[in-house]
Amino acid sequence: MSAIQVEHSGSTSSPEQPASGLDEVFPLAFSAFEQVTLADDSPAFPMTFFFRLEVSGIVDLQAAHESLREAISRHPLFGCVARWKRGVACWERTPVANWPKVQVRSVGDRLWDDGGEFIDLTRECGFRLWVQQEDSSAILTYQFHHSCCDGLGAMQFLKELAAAYARRTAASTVLDPPPSTNVQRLSTRHLPLNRRQVVSPRPLSERLKRFARIVVQHFRQKPVPLHRAAETDRPDPGYPVTLAHEFDRSASRGLREYARRHNASINDVLLRDLMIVAAEWNERHPDRVSGRDFRVVMPVSLRAPGDEATPATNLIGYTFLTRSPKNIDDPEGLLASLSRDTESSKQNKLGWMFLDVVARLQRLRLLGIARRLAGKSCQGTIVHSHMGNIASKFYSSFQQTDDGVRFGNLTVREMRCTPPVRNLTWAALSTFTNRGQLTINLRTHSLAFSPEASEEFLKLFATQIEKTAGSSRS
């Protein structure tokens with residue numbers, strides 16, 4: 001079935017007025033983080049990520065289209081393209097007619113066209129939505145360019161999009177009015193010190209020394225990629241392939257108990273088990289690659305009180321957790337050290353430190369050199385994003401039934417999502433809990449993982465987690 005883009009000129013049940021103050025904010029310069037994601041974007045390694053919902057019910061396409069327009073009017077980066085002004089990448093608003101539209105496909109069809117997954121931000125807004133309807137169920141796939149937002153920003157947008165749809169398709173639905181958004185906050189999204197009125201107690205000379213130490217240490221370490229387990233590049237199926245494993249309540253409860261007994265978080269335990277599995281994977285699949293240490297790239301949310309009024313954007317940094325094979329041979333010690341590092345990341349705001357390093361490299365005109373150096377080697381063995389309790393972030397506004405979460409005339413049965421995969425960082429994982437059950441989502445790159453290898457890696461990780469959870473009950 002060829003692509004159908006749904007457009008309607010009928011009236012909507014709520015106004016689609018653009019957020020006030022847009023002319024004062026746009027064109028809006030890319031933040032340093034957004035410039036990195038834009039520069040690192042390519043057809044071979046698109047800087048995009050997906051959310052995929054399996055729902056029961058028949059999608060009302062007109063309501064979906066109207067809801068999408070309403071949501072974009074409140075979160076303007078999804079209605080923008082990238083333009084270069086005096087050598088600086090800027091967000092520039094596009095006419096409403098050029099905003100993303102609902103695209104309809106048949107189940108099993110390719111989603112993207114010949115251009116593939118890659119979104120050229122100079123030609124297209126950084127969001128896509130596909131609806132695949134089959135009888136009384138459907139698959140909703142949402143694609144986000146990482147320059148537009150991070151995972152929590154995407155969930156903020158999807159929550160409002162779902163609420164707008166619910167208001168149009170279920171007369172009995174009682175929902176709170178949309179939260180107010182302040183588009184002016186986009187202008188200060190990259191200024192944590194100004195925005196939070198925090199003054200660094202460290203003198204400039206000490207901060208510069210720390211900056212240099214972090215940069216040197218990052219490039220001195222030699223993380224190893226996951227060893228390839230694919231003979232050839234598998235063909236592009238035309239849609240994101242995300243594998244999932246959901247643990248039962250007993251295993252999920254056992255994992256929480258194990259974390260509590262070791263004075264660690266669920267995320268700490270998952271990070272430890274992931275490093276163990278990465279090392280085991282490389283032993284099972286010998287490969288001639290450089291690097292020795294294992295590094296998990298961990299996205300860190302930088303949101304603070306008041307940021308719920310900020311339209312969807314990137315409020316994210318990264319923490320790089322690197323360990324030697326010797327460290328991994330001591331699981332208890334490994335967990336303790338990871339717990340210390342993740343706690344230090346929170347207390348010392350290391351996520352902001354990552355952004356500060358990127359911004360300083362940009363100001364010193366060294367960002368391009370750093371990117372070229374980084375592009376020649378593995379920057380992370382694997383990406384892991386733990387999203388916590390997904391019900392509190394996405395489902396909290398909607399009715400939860402035995403069949404799933406209901407918004408309007410649709411019921412969500414399953415959700416999948418993963419961060420982008422990069423060159424030599426061949427796999428990305430997201431983990432979250434819902435109704436007390438832990439779920440793993442995995443996405444791999446076709447250059448390194450066959451479908452069978454992806455299943456094998458997911459099974460290894462799930463088995464390790466089951467082992468950890470079981471030890472708390474013994």
Side-chain angles (χ1 to χ4, degrees), residues 210 213-214 216-218 220-226 247 250-283 291-302 316-354 378-389 419 425 427-433 436 438-440 457 460-474:
R210 191 174 189 183
R213 187 167 61 250
I214 290 171
V216 170
Q217 182 183 21
H218 180 85
R220 180 180 293 168
Q221 294 172 330
K222 300 296 182 183
V224 62
L226 290 175
F247 296 89
S250 176
S252 301
R253 187 166 52 249
L255 195 67
R256 291 193 296 272
E257 175 61 21
Y258 181 91
R260 186 191 65 78
R261 280 172 40 191
H262 289 78
N263 196 29
S265 69
I266 293 289
N267 185 42
D268 297 334
V269 178
L270 293 172
L271 288 167
R272 190 276 307 269
D273 283 0
L274 184 56
M275 284 193 170
I276 291 173
V277 168
E280 181 180 349
W281 176 266
N282 279 7
E283 288 181 2
R292 176 177 179 273
D293 298 333
F294 292 88
R295 175 184 288 167
V296 177
V297 181
M298 183 178 75
V300 180
S301 174
L302 304 177
I316 188 176
Y318 288 105
T319 295
F320 301 91
L321 301 164
T322 308
R323 295 295 186 273
S324 69
K326 183 179 179 180
N327 298 143
I328 295 174
D329 288 340
D330 176 17
E332 297 294 316
L334 177 60
L335 177 59
S337 70
L338 289 170
S339 295
R340 288 193 298 270
D341 280 3
T342 56
E343 183 60 26
S344 174
S345 176
K346 296 174 188 175
Q347 296 298 325
N348 297 311
K349 298 179 172 59
L350 297 186
W352 281 118
M353 191 178 297
F354 166 80
C378 173
Q379 296 304 300
T381 307
I382 195 167
V383 179
H384 175 243
S385 175
H386 183 58
M387 304 174 72
N389 182 1
T425 304
L429 284 148
S430 69
T431 53
F432 54 84
T433 59
L438 176 71
T439 295
I440 308 171
F457 186 89
L460 270 179
F461 190 31
T463 300
Q464 175 63 36
I465 292 172
E466 292 274 8
K467 178 182 175 182
T468 298
S471 69
S472 70
R473 300 190 291 267
S474 59

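The shown structure was predicted, so the numbers you read here are calculated from the model rather than taken from an experiment. Sequence positions, counted from 1, serve as the residue numbers for this chain.
Taking the side chain as every heavy atom from C-beta outward, Val297 and Gln379 never approach each other to under 4.5 Å. Between Leu255 and Leu270 the shortest side-chain heavy-atom distance falls below 4.5 Å. Put simply, the side chain of Asp273 reaches to within 4.5 Å of the side chain of Ile276, judged on heavy atoms. The closest side-chain heavy-atom distance from Phe461 to Ile382 is not below 4.5 Å. Using a 4.5 Å heavy-atom threshold, the side chains of Glu332 and Asp330 count as touching. In this structure, the side chains of Met298 and Asn267 come closer than 4.5 Å at one or more pairs of heavy atoms.
Remark: Glu257 engages Arg260 in a salt bridge, criterion side-chain N to carboxylate O under 4.0 Å.
Counting all heavy atoms, side chain and backbone alike, Pro331 lies closest to Arg272 at O-NH1, 3.2 Å. The two residues Ser339 and Ala264 come nearest to each other via the heavy atoms OG-CB, 3.4 Å. Between Thr431 and His386, the closest heavy-atom pair is OG1-ND1, 2.7 Å. Here the closest heavy-atom approach between residue Ala251 and residue Ala469 is recorded as O-CB, 3.3 Å. For Pro225 against Thr381, the heavy-atom pair with the smallest separation is C-CG2, 4.2 Å. Closest of all the heavy-atom pairs between Gly380 and Thr425 is O-OG1, 2.7 Å.
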key: Residues Thr433, Arg256; criterion side chain to side chain contact (heavy atoms under 4.5 Å, CB included); working and verdict   = CA-CA 11 Å; Thr433 59; Arg256 291 193 296 272; 5.6 Å; no
request  = Dump the intermediate steps for side chain to side chain contact (heavy atoms under 4.5 Å, CB included) on Thr319 and Thr342, then the final yes or no.
outcome  = CA-CA 8 Å; Thr319 295; Thr342 56; over 6 Å; no
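Remark: Ser385 OG to Leu429 CG distance equals 10.0 Å, nearest 0.5 Å. Between Asp341 atom CG and Glu343 atom CD the span is 11.0 Å, to the nearest 0.5 Å. For the atom pair Arg253 CZ and Phe247 CZ, the distance stands at 14.5 Å (nearest 0.5 Å).
Side-chain contact of Asp293 with Thr322: a donor-acceptor pair under 3.5 Å is absent, judged by distance alone. Between the side chains of Ser265 and Asp268, at least one donor-acceptor pair of N or O atoms lies under 3.5 Å. Using modelled atom types, one finds a donor on one side chain and an acceptor on the other under 3.5 Å when comparing Arg323 with Ser337.
A donor-acceptor pair under 3.5 Å links the side-chain atoms of Ser252 to the main chain of Leu438, judged by distance alone.
Residue Phe294 is tested with Asn327, Leu274, Val277, Asn282 for a side-chain contact (heavy atoms from CB on, under 4.5 Å); the sole match is Asn282.
Below 30°, between 30° and 60°, or above 60°: for Phe320 and Tyr318 the angle between ring planes is between 30° and 60°, a tilted geometry.
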